[in-house]
Protein chains: 2
Amino acid sequence: MYKPKSDEEKVFLAEYDPDKYEKPSVTADIVVFTLDAKNSLSVLLIKRGGYPYKDCWAIPGGFVEMVESVDTAAARELKEETGLENLPITQIGTFGEVDRDPRMRVISVAYMAFVPKDSLCIKAGDDARDAQLFEVKNDEDGLVLVGERNVIKESELAFDHAKILRIALKRLRNRIDYTLDAFGFLKDNSSFTIYELKKIHEAVKLETEDTGNFRRDFLKKYVSTGLVENTGKKSQGTGSRAATLYRIKDPESFGSSEL
Amino acid sequence: MYKPKSDEEKVFLAEYDPDKYEKPSVTADIVVFTLDAKNSLSVLLIKRGGYPYKDCWAIPGGFVEMVESVDTAAARELKEETGLENLPITQIGTFGEVDRDPRMRVISVAYMAFVPKDSLCIKAGDDARDAQLFEVKNDEDGLVLVGERNVIKESELAFDHAKILRIALKRLRNRIDYTLDAFGFLKDNSSFTIYELKKIHEAVKLETEDTGNFRRDFLKKYVSTGLVENTGKKSQGTGSRAATLYRIKDPESFGSSEL
DNA sequence: GCAAAAGTGTTACCCGTACACCCATGC
DNA sequence: GCATGGGTGTACGGGTAACACTTTTGC
């Protein structure tokens, strides 16, 4: 907490006029990634109900309020859209072009979050909610977003959200190797198999990993460092050999920390 | 440019009231790195002339105006402080805690820039300008900034600028290996030696590089890829063997691009 | 000659990759 | 049995790190 150092300064602060200059609006937008039923990387989009870009799909977000930090605003938006709280969120950049929004000057701070598989109960065609998961694909000239019954190109997204989404994807693909982001996609981080984590890596990077190498990597990077531990239990009923179940040792300290 | 799709939308936009909600102020702050005479990594700080944090050292910055993008505001601040234009700038994060600034709600978007050695003509003790270079050092509990005749700890910086500076440093140290950031420190990117570039890497990473290995790296990463080319000339008057001079092939396209 | 930097060569080791192979489980 | 995934072994190759050594220039 800041303490003024003189009476003069107290007077200055008391009489300061915050409205001397015109100000922009600021939003916090959050790119929510998850894995869909087919283990493909998906993103949550909402259909805009009002102008501008009415009926366009957009990244969820909203205005930052005066009583909350920007990070808090992003977390609040995440909760409003998904019902999920206390997930680590990662800032990916701020977008501040003058004409981003036709209503007025809006600067957006973008974040991303990773949501456990199947934790979003958004049904296909559940149009009442106007929120939907889209599988993220690539074609020659950009992203393609594949919903249950609709396919859209990145250029159809509202505002500059195509740009935001592209940057989020790039960041995720970079970060997956040296952060704990991948664990955010796990259904249950206190009981998971190496195979599940491998599927997450494959979905994000869009390439298959070698089973043996991934296993050794996992043991070295996470288990031998004490971040993850063997539960002593085995999976069952999977239609194949029982696998060792692992858990994250200290879920509390599991922010968006780096290795 | 956005085009309304209906008359109804035109009316909506025309009648939209941007001042429905209270808004924060937004600043663009820029961390300016350079190498000092001793080839140590240094940062430009300015001494605050007014309240709050009067007489404290701070990262240069200023309010984003309504007619400029946030990136443009950062570039403008860079020019105002250093006189330098058209340098690549890199966004490093947005800082949006509620109480960052005792005057009012201020959200700061932080950038960093790299400035050629000796291009800043800030003399030590030139107090009229209130701007000074500080060598960046580390001690047990954080950054130490060493000026020509004063030494300050990170905790003495204004606002949350210690945090911003720490993040900038971290980013720079990561980025130096896979971006072209290092070239920004060169006095003349159309005539430089491998040794000069090596000194830059050493200043940033605070560790010495092996001559032979650095050389081979340089040739492989930059020369054989066509980013940098041999000028055919040799350095002279250095007190040691003449070195090959290299130049960046296409300085125009030399943004903060990644390799 | 000496110091400082330029430039070349060589070697040892680590690590990523690829691939082969056996094990366990459920259908 | 067969498909699927779990788990182990191993061998090759490339790249990095470490270091030795020669060359050139200015003082």
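Hydrogens, waters and symmetry mates are skipped; everything else that's a heavy atom, side chains included, is used.
Contact of the A/Val43 side chain with the A/Leu45 side chain is registered, since non-hydrogen atoms from C-beta on lie closer than 4.5 Å. Taking 4.5 Å as the limit, some side-chain heavy atom of B/Phe95 sits within range of a side-chain heavy atom of B/Lys163. Between A/Ser191 and A/Arg247, the closest side-chain pair of non-hydrogen atoms is not below 4.5 Å.
A/Glu81 contributes no side-chain N or O that, together with a main-chain N or O of A/Leu78, makes up a donor-acceptor pair within less than 3.5 Å.
In this structure, A/Ser235 reaches neither bases nor backbone, as no heavy-atom distance under 4.0 Å exists between it and the strands shown. If you check every strand for non-hydrogen atoms under 4.0 Å, A/Lys199 touches nothing. Residue contacts for A/Lys198: at a heavy-atom cut-off of 4.0 Å it reaches no nucleic acid atom on any strand shown.
The CG atom of B/Asp130 sits 8.0 Å away from the CD1 atom of B/Ile46 when rounded to the nearest 0.5 Å.
Aromatic ring pairs are classed by plane angle as parallel below 30°, tilted from 30° to 60° and perpendicular above 60°; the pair A/Phe185 and A/Phe114 is tilted.
In this structure, B/Arg215 places its CZ atom 18 Å from P of D/dA17, rounding to the nearest Å. What separates CG of A/Leu197 from P of D/dG7 is a distance of 13 Å, to the nearest Å. Protein atom CZ of A/Phe214 is 15 Å distant from nucleotide atom P of D/dT8, rounded to whole Å. Counting to the nearest Å, the C1' atom of D/dG9 and the CG atom of A/Leu219 are 15 Å from each other.
The side-chain contact (heavy atoms from CB on, under 4.5 Å) search around A/Glu202 returns A/Lys198, A/Lys199, A/Thr208, A/Glu209, not counting sequence neighbours.
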Letter by letter from the 5' end, nucleotides 18-27 of chain D scores (B base, S sugar-phosphate only, - none; protein heavy atoms under 4.0 Å) BB---BBBS-
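An OP1 or OP2 oxygen of D/dG5 is reached within less than 4.0 angstrom by a side-chain nitrogen or oxygen of A/Tyr195.
A nucleotide of DNA chain C counts as in contact with chain A when one of its atoms lies under 4.0 Å from a heavy atom; the first and last such, 5' to 3', are C/dG16 to C/dG26.
Ring centroids of B/Phe214 and B/Tyr195 are separated by 6.0 Å or more, keeping the two rings apart. A centroid separation of less than 6.0 Å is found between the aromatic rings of A/Phe218 and A/Tyr246.
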